[in-house]
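Down below is the structure, laid out as structure tokens.
Residue numbers begin at 1 in each chain, while the letters A, B, ... track the order of the sequences.
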Amino acid sequence: MTLIKPTRRGVIQAGALAGAGIAMPTILTAESHAGYRNAPQGSTVTLGFNVPQSGPYADEGADELRAYELAVEHLNGGGDGGMMNTFTANGSKNALKGNGILGKKVEFVTGDTQTKSDAARASAKSMIEKDGAVMITGGSSSGVAIAVQGLCQEAGVIFMAGLTHSNDTTGKDKKANGFRHFFNGYMSAAALAPVLEKMYGKDRKAYHLTADYTWGWTQQESIAAATEAKGWETVKNVLTPLATTDFSSYVAPVLNSGADVLVLNHYGGNMVNSLTSAVQFGLRDKQVNGKNFEIVVPLYSRLMARGAGENVKGIFGSTNWHWSLQDEASKAFVKSFGTKYGFPPSQAAHTCYVQTLLYANAAETAGTFNPCGIAEALEGLQFDGMGNGATEYRADDHQCFKDVLVVKGKDNPTSEFDLLEVVEVTPREQVEYAPDHPMFAGGDLGQCNPGA
Amino acid sequence: MDAILLQILNGLDKGSAYALIALGLTLIFGTLGVVNFAHGALFMIGAFCAVTLQKILTISSVSIDPEKKDFLGNPMEVKTPYVESIFGEATGQLIINWSVPLAILFAIPVMLAVGYIMERGLIKHFYKRPHADQILVTFGLAIVIQEIVKHYYGANPIPTPAPDALRGSFDFGVLLGFDPNAVIYPLWRLVYFAFSALVIGAVFAFLQFTTFGMVVRAGMADRETVGLLGINIDRRFTLTFGIAAAVAGLAGVMYTPINSPNYHMGMDFLVLSFVVVVVGGMGSLPGAVLAGFLLGILESFAAMNEVKSFFEAIYLPSIDQIIIYLVAIIVLLTRPRGLMGRRGVMEE
Amino acid sequence: MLGLNKKDTGLFIFVICVTALAPFIMNPFPADSAMAQFNAGYPDLMQRFVIFGIFAIGFNILFGLTGYLSFGHAAFLGAGSYAAVWMFKLLSYNIVPAIILSVIVAGLFSVIIGFISLRRSGIYFSILTLAFAQMSFAMAYSVLTPLTNGETGLQVYNDDPQWLKGNGPDATHFFGLEMRSTFDLDLGAWSFSFNVGYYFCAVLMLVAFYLSMRIFRSPFGLMLRAIKTNQTRLNYTGLNSRPYTLAAFVISGMYAGLAGGLMASMDPLAGAERMQWTASGEVVLMTILGGAGTLLGPLLGAGFIKYFENIFSKINESVLHGWFGFLPDGIENGLIWVIEHFVGSGWHLTLGLLFMLIVIFLPGGLMEGATRIRDRFSGDKTKKDTEGKYAPAGE
Amino acid sequence: MGILEIQNVNKSFGGLKALQNVNLNIEEGTIHAIIGPNGAGKSTLLNCFVGKLVPDTGTVTFDGHSLLGKKPHEINQIGVSRVFQTPEIFSDLSVFENVMIPCFAKRDGAFELNALSRVQGQGDIRDKAEQMLIDVNMIDKRDMIASSMSRGDKRRLEMAMCLAQDPKLLLLDEPTAGMARADTNNTIERLVPTTQSSCWPKFRTSGISPWL
């Protein structure tokens with residue numbers, strides 16, 4: 001944000017005005033001349049954690065917040081260091097020293113997005129304007145992520161997206177100041193389609209139920225394209241209103257539609273309810289076209305899947321990360337998170353933790369908190385040891401490219417956290433796409449904005 | 001034809017939830033003249049009665065099983081519900097399995113108590129206050145209840161399945177001479193519909209055939225006159241509030257296997273139930289029931305692909321998004337007081 | 001002055017002073033102190049105070065005077081916002097055409113909805129307005145995405161035409177004066193922000209407030225109050241109540257449109273949730289909480305709710321530790337455990353409790369509280385003030 | 001030709017015939033009373049004049065205008081005012097405001113968007129309302145909230161409101177019921193001069209009213 005630099009005269013006048021009440025005020029201008037917005041003053045740097053604390057995603061938000069607090073603890077040298085010990089950037093060890101970022105102790109402010117773009121922007125603005133946050137991160141839906149990303153671009157701070165799965169976040173709504181570690185609809189579809197083909201065969205007829213808003217559409221478009229490429233036929237795509245709680249009316253006609261697979265392009269509460277309805281209607285016990293009827297949930301959230309209870313058993317989907325992964329990085333993260341909080345982290349927690357470390361590392365390598373410096377350090381960054389294997393932050397659209405997990409609802413869970421099992425780790429090459437892919441076209445990264 | 005039958009069943013099912021909530025709401029309007037924005041919260045409390053009972057029944061003794069490992073690699077805790085150790089494993093599991101129907105017994109006293117406390121503690125003081133004040137105070141109460149539930153149970157939905165015996169689906173069509181597999185309907189949803197019909201019937205019978213019911217009906221017609229007759233109307237109104245709360249609560253208990261309950265389910269139903277009550281006509285019990293089923297069925301029809309494409313052809317895409325409100329507008333414009341409303345109730 | 005009586009002039013001058021000095025009043029605590037968490041004097045929140053103030057003042061003209069409780073006013077706010085953002089997309093970031101169009105669009109929208117809804121009264125009217133607003137919300141979120149950008153919200157993209165932009169600024173501005181420009185003044189430990197956008201909104205809020213005062217004191221306002229107390233009598237006195245209520249509805253709809261346009265002007269994004277019933281409910285709560293039918297009440301109510309939403313939700317555990325760090329550990333943790341439930345993610349709980357407490361103990365809303373305090377101090381409890389204050393929220 | 005002509009008016013509610021072939025012809029400047037036991041249809045008849053009810057058949061003509069299907073405010077604007085059986089006043093407003101409203105209705109018609117003029121500045125209206133309050137002996141109560149007055153005062157206030165419009169036809173439904181004796185006399189004194197123009201008070205109950 002450009003600030004009017006107070007002229008000398010303006011300051012004197014204002015001082016005289018206020019001086020009437022307070023004897024000998026010291027007059028300073030708040031903005032240092034660091035050349036970017038909210039340059040940290042003194043010995044601390046403030047990060048803004050903007051997560052849903054009320055509304056349907058409050059639990060996911062709470063888990064994100066736990067991850068952020070853990071990340072801050074690790075950055076400041078506390079705890080066991082978690083993934084700081086495994087994280088490698090551009091082939092060498094990361095630049096994090098455990099003394100904060102650039103020697104400044106990390107502090108944070110939190111806010112409630114309420115999963116509404118207005119509230120999320122208000123909250124982010126207060127972090128930027130009032131608390132001097134130099135980076136905003138978090139969120140649990142694409143609408144919010146895109147809204148806050150736009151705000152951060154205008155305000156001149158970095159946005160490290162939390163859980164956002166829509167193609168648009170790094171597609172038509174991408175911004176130079178915004179970065180996404182989480183995967184997206186296209187990648188889900190690309191990872192899922194081969195597994196579905198392998199499990200259910202080439203000759204399938206799919207019926208889609210799709211949440212009637214932007215994320216749902218991009219998700220459906222991606223998965224339909226990917227499965228059709230494998231020989232599936234999309235029988236029908238039915239849009240369901242966001243406010244639907246009882247999906248029976250949408251599920252009831254499925255069985256007699258000639259389809260033998262139901263794809264639920266829903267997330268969160270919608271997913272829980274539509275899946276529950278589908279199972280209640282006995283779809284999974286039926287045979288159509290001589291094949292077992294199957295249900296697919298392209299985007300899984302373990303936290304939410306718990307709400308569907310036993311209904312998730314045997315159902316395929318994709319996820320960004322899962323705590324049962326056995327690589328060193330994931331194990332280290334699960335250990336420090338689990339020790340601190342008593343349960344394993346969710347994928348939302350993972351992506352938020354990773355984003356924070358990535359930001360900190362970028363600041364260290366760039367030697368500044370200036371968003372343009374950080375963007376430069378993040379663009380094209382090759383890193384590993386963060387639980388997803390070798391990963392790249394692509395410079396063209398600020399999207400991370402990494403392996404994608406295909407998971408299945410576990411048949412015999414051993415604990416309340418053990419709901420999903422990883423059936424395949426789809427390699428990165430398979431989910432990659434060109435920056436100008438039609439599903440992502442139309443956007444413009446623009447120029448990085450340091451805000452001053 | 002089978003598709004239509006399926007949607008009628010769906011509609012009746014949704015309608016029963018709407019009707020049960022609206023029934024209590026309109027009872028409170030009619031007898032007490034109170035706009036109760038906390039009524040959705042009562043529905044939610046009912047649902048969480050089922051969750052709570054499930055939790056109580058699964059309170060467990062904890063032992064360590066060194067063979068199994070938890071997610072951190074430590075020996076795993078194995079939990080055995082006390083119910084199983086007391087009644088034996090088979091009986092114990094059966095009891096836990098049937099926790100939702102059992103929760104009805106648990107919910108009735110709880111809901112009556114909640115209703116009693118709410119009415120005596122709060123609502124009572126708002127009889128003579130403007131509706132706007134009533135809205136504000138009950139809305140505040142709804143938020144408070146919601147936040148308390150969120151604090152104890154979290155924000156995510158909690159699965160509360162139906163008993164195994166009632167979990168499957170049922171080939172309803174065969175009974176009516178359709179081909180097998182044409183009209184398959186979940187058993188529990190049929191149970192829900194039957195249960196609602198029973199509760200609605202019980203409420204009407206109660207109001208129709210008991211002296212108490214007569215006084216309540218008289219009170220709905222003319223509160224002041226009944227008061228003058230020397231009947232202790234206040235005590236009866238307290239009980240009325242309790243009944244309304246219990247009906248909403250029961251609707252909530254039985255709803256849990258259909259959709260896993262979460263802390264904001266009450267708010268989700270609140271607006272809808274007001275629309276139902278108003279479409280039915282303020283202060284009319286049959287109106288509330290009629291409107292509940294009507295809107296449920298219309299909502300189900302609007303979700304049908306054929307209907308959606310028909311409306312799309314006449315430039316009304318996504319009719320299922322707006323059907324409830326569209327119907328409400330049409331009904332209110334053609335029938336000034338809803339389907340069966342009485343003149344002068346809540347018209348100022 | 002300005003056609004106001006002495007008392008109203010006093011009130012108006014008071015409001016002008018408070019608004020002008022808000023950057024000082026809102027930031028009473030030194031920037032680095034523990035209490036700084038309670039400071040509200042940053043541009044975004046101050047803008048929100050006055051914008052929602054405008055919204056509530058307008059709503060009060062309808063609800064406070066006529067007693068018609070609309071549950072769909074957020075639709076006009078949303079329509080105004082969308083109109084404004086479209087002007088940014090098509091013309092330029094100059095906010096003048098945007099605000100003008102947002103008021104016009106909201107006005108037209110409210111003529112249609114008002115004309116239909118006002119055929120009914122009481123709760124039937126409320127449900128009709130609710131139904132229209134919910135339909136608008138549902139459609140803006142889904143079908144109307146080409147027009148509203150759905151879930152993401154309508155925003156300005158680099159490739160938008162912006163025909164009149166030329167070399168103009170890349171941010172919303174008033175003939176070159178950027179809304180986001182802020183002048184920061186540091187006085188010792190204190191820090192105060194003077195934001196162009198805030199003062200722009202504040203001026204419009206004062207105009208809106210002034211107009212609402214004039215309406216309250218006009219024959220038109222008298223008729224509206226007459227509608228609230230006895231519509232039948234008004235009809236038998238030869239007055240047609242319908243055009244009066246419709247005029248009030250449209251005026252309040254235009255206020256909502258102005259608020260929506262300003263919201264977009266301060267932050268050029270319009271989300272569909274702005275039209276949801278909860279948003280309509282919020283303005284109802286603001287008005288009742290502050291004191292429906294009073295001049296100042298809606299402003300107070302708007303400030304109150306927005307303050308809680310933005311300040312209390314941001315107090316987290318580590319902030320609490322900062323506050324109570326000086327206490328012995330046991331007490332500190334106990335205290336934090338209790339308070340934690342009421343702040344941060346528990347801010348809704350505090351809000352709900354306050355709604356209940358205020359409406360139970362102050363039936364006339366915050367304004368009644370203010371009056372009681374004033375009476376206590378002036379020691380004159382019998383003074384009844386019939387000119388400035390009307391009966392509180394009615395049916 | 002009378003100012004109010006009623007021809008063959010019938011009105012029934014379900015099976016109950018409330019009015020059957022009513023014919024009436026009221027001349028300008030006369031006073032009439034309608035009497036009858038409870039349920040005789042007096043109020044029904046009155047309601048047919050002010051637009052509250054529409055007769056099933058027949059015609060109601062006032063001053064050359066048919067009143068059938070006209071809205072209450074339109075009928076009032078032609079010159080028909082009515083005092084109700086239970087006082088219908090603006091109970092949340094002050095007495096003075098109560099009387100000002102009909103003065104506005106008389107001056108400005110059924111609707112006038114005078115949103116930015118001031119009530120304070122309406123000299124003619126204020127003078128007229130004040131004079132009316134003096135006439136009915138209520139000037140000392142001008143700033144009271146109407147709901148806080150006695151029933152008799154409310155009735156007088158309502159009458160003042162009707163008279164403030166200089167109606168051509170004044171319908172009174174039990175105008176003096178519930179009033180103190182002195183007030184009754186005051187009311188009568190106030191009413192008598194107005195009957196020089198065309199007023200038509202109506203009394204529903206026999207016995208109480210001193211007019212019969």
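Ring geometry for C:H73 against C:F76 counts as perpendicular: the plane angle is over 60°, on a 0 to 90° scale with 30° as the lower cut.
Counting heavy-atom pairs closer than 4.5 Å to chain C, the top-ranked of the candidates D:D108, D:V80, D:I101 is D:I101. Between chain C and the residues D:P72, D:A115, D:A146, the most heavy-atom pairs under 4.5 angstrom are made by D:A115. When each of C:L224, C:L234, C:L211 is checked for heavy-atom pairs under 4.5 Å with chain D, C:L234 comes out on top. Counting heavy-atom pairs under 4.5 Å between each of D:I125, D:V119, D:V50 and chain C puts D:V119 at the top.
A side-chain hydrogen bond (donor to acceptor under 3.5 Å, both in side chains) with D:S12 is found for exactly one of D:T44, D:T57, D:D56, namely D:D56.
Taken from CG in C:L366 to CD1 in C:I358, the straight-line distance is 4.5 Å, to the nearest 0.5 Å. Distance CZ/C:F12 to CZ/C:F209: 7.5 Å, rounded to 0.5 Å.
With a 4.5 angstrom heavy-atom cutoff, D:S117 touches chain C via backbone and side-chain atoms both. For chain C, no part of D:S81 is nearby; none of its heavy atoms comes within less than 4.5 Å. In this structure, chain D has a heavy atom under 4.5 Å from the side chain of C:A247, while its backbone stays farther away. In this structure, chain D has a heavy atom under 4.5 Å from the side chain of C:M223, while its backbone stays farther away. Residue D:K52 touches chain C through both its backbone and its side chain, counting heavy-atom pairs closer than 4.5 Å. Contact annotation for D:I89: only backbone heavy atoms (N, CA, C, O) come within less than 4.5 Å of a heavy atom of chain C.
Proximity of a side-chain donor or acceptor of D:R142 to a complementary backbone N or O of D:V95 within less than 3.5 Å is not detected.
In this structure, C:R242 is not positioned above the aromatic face of C:Y244 in the sense of NZ or CZ being under 6.0 Å from the six-membered ring centre and within 45° of the axis. Judged by the 6.0 Å and 45° rule, C:R120 forms no cation-pi pair with C:F125.
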